[in-house]
A.B. asks: 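Got a structure for you, written out below as structure tokens; questions coming shortly.
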Amino acid sequence: MLEKVTNTFSDIVRKISGKSTITEKNIEEAVEEIKMALLDADVNLRVVRRFVNATIEEAKGEKVLRSVNPGQQFIKIVNDRMVALLGDTRQDLHLKGPDTQSVILFLGLQGSGKTTSAAKLAARLLKQGRKPMLVACDLVRPAAVEQLSVLGEKIGVPVYKEDTKDAVRVAKNAVQSAKKGGYDTVIVDTAGRLQIDEGMMKEIADIKKAVDPVETLLVADAMTGQNAVDIAKTFDEKVGLSGVILTKFDSDARGGAALSLKSITGKPILFIGVGEKIEDFEPFYPERIASRILGMGDIVSLVEKAQETIDIEEAEKLQKKMATENFTLQDMLDQLERVNKMGSIQSMLEMIPGFAGQINEADIDTSGIKSQKAIIQSMTQKERHNYLIIGPSRRKRIAKGSGTSVAEVNKLIKQFEKTRQTMRKVSKNKGMAAKMMQGFGGMPGF
Ligand SMILES: Nc1nc2c(ncn2[C@@H]2O[C@H](COP(=O)(O)OP(=O)(O)O)[C@@H](O)[C@H]2O)c(=O)[nH]1
Ligand SMILES: [Mg+2]
């Protein structure tokens, strides 16, 4: 998502940030490129015009052209405009306290990802200490109730269902049942249609009236581009929305929906779906997406991702280990396994300033990780804890056991030594770098 616009914007940033003076002409040219990139990304024309005009007006002011660092000033303006376009600050759900009940109503077209997102949100809220219940109100699509039940079971959240065709009744009864059971958050999954139609609108409006939700969330498929924006407008007019969940953000759609939704509908994007799995669900941070688009990386997301994956306690232990020089091959193996857990290396590198838009998956040798793991797994515990005992004959045995070569074993041990050295250095400097290394340690090339 947003790859192309990111590439163009990163280029502009690179070009202009190096300049010690800029002219009105430089600004005009840069803005023209920005305009083309936004139109290319399928951003609504009105939104593009507004963005461009505001940027030019601000950038041509005395303050920028005469400032000490005009290039960076200009980029800051573009960045701020981009953040505003995406919705300013992060908006969260407005849920009531845990002793009162909050109902969240999901709506959207068929296939937009309602059911999946309902389960993802329930899992997230459960993790945050709430007590959610899912409600199966899609009584139109065959097997829709079953789909939600399976997901509910998987994440350990109860699913309310009834054998009827009356979705309004199910919703009403579910709210009662949740109250009795002490469930503080009720997430209602509803039926979509292939297109917006009166019957669906009426059913949803009736459900809304019956359950009085604190949040009415449209689930929109980012791949449908401008269409998603039109759908949001219609649903808002007919039913009233409080926010949007944008799914399939992991697709290579051009991103126009994400960039126009807020400006056109006034409704914030609360979450994005970034894959089919339950954990592929993230809060939407306008600032972070903007800096990603401008190629300035996204250190905060990266660090958070690393922290989520690594147990805090484990991380502290590791930090101590690094400080006392006790980092072993076994630790390296654990790290390699963690890298797998954190997802593709590419997606992580994309978040580092300077790397954004410059890495292809093909450039990264992920097969290396597999053989590195195999090598360490072929070592005895003793060897894993004291690499100094691994002499030539042991190396031969390890190579054989792991299906690699002695040269590869040598390389891994050398790399391990280097990692150890780097870690020792980094652990002395307990800033962000240390946190990052906890995630990256043992990764080839780091
Ligand atoms: N790649 C990707 N697929 C998604 C995402 N959200 C949902 N899907 C898929 O989209 C399809 C439709 O989802 P579903 O929840 O059944 O849509 P519903 O008809 O609105 O309830 C399913 O195959 C989901 O796995 C997402 O964020 N990314
Ligand atoms: Mg569904």
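Just follow the structure's listing: the first ligand is 1, and inside any ligand the first atom is 1.
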A.B. asks: May I ask you to test the L2-I289 pair for a side-chain heavy-atom distance under 4.5 Å?
C.D. replies: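 The answer is yes, as the side chains (C-beta and beyond) meet within the 4.5 Å cut-off.
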
A.B. asks: Validate the cation-pi geometry between K114 and F106: distance from NZ or CZ to the six-membered ring centre under 6.0 Å, angle to the ring axis within 45°.
C.D. replies: no

A.B. asks: Atom CG of residue position D163 - does it have more than 12 heavy atoms of other residues, nucleotides or ligands inside 6.0 Å?
C.D. replies: no

A.B. asks: Do S405 side-chain atoms and E408 backbone N/O form a donor-acceptor pair below 3.5 Å?
C.D. replies: yes

A.B. asks: Is the closest N or O pair between S112 and ligand 1 shorter than 3.5 Å?
C.D. replies: yes

A.B. asks: With a heavy-atom distance limit of 4.0 Å, tell me whether T115 approaches ligand 1 through its side chain, its backbone, both, or neither.
C.D. replies: both

A.B. asks: How does K120 reach ligand 1, if at all, at less than 4.0 Å between non-hydrogen atoms: by side chain, backbone, both, or neither?
C.D. replies: side chain

A.B. asks: Mind checking whether F249 has an N or O less than 3.5 Å away from an N or O of ligand 1?
C.D. replies: no

A.B. asks: Using a plain distance cutoff, I'd like to know if S117 has any nitrogen or oxygen under 3.5 Å from a nitrogen or oxygen of ligand 1.
C.D. replies: no

A.B. asks: Between ligand 1 and T247, is the shortest N or O to N or O distance under 3.5 Å?
C.D. replies: no

A.B. asks: Is there a side-chain contact between K154 and V150, using heavy atoms and a 4.5 Å cut-off?
C.D. replies: no

A.B. asks: Does only the side chain of L109 get under 4.0 Å from ligand 1, or the backbone, or both, or neither? Count heavy atoms.
C.D. replies: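 It is the backbone that touches ligand 1; the side chain stays farther off.
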
A.B. asks: Answer with side chain, backbone, both or neither: which part of D189 has a heavy atom less than 4.0 angstrom from an atom of ligand 1?
C.D. replies: neither

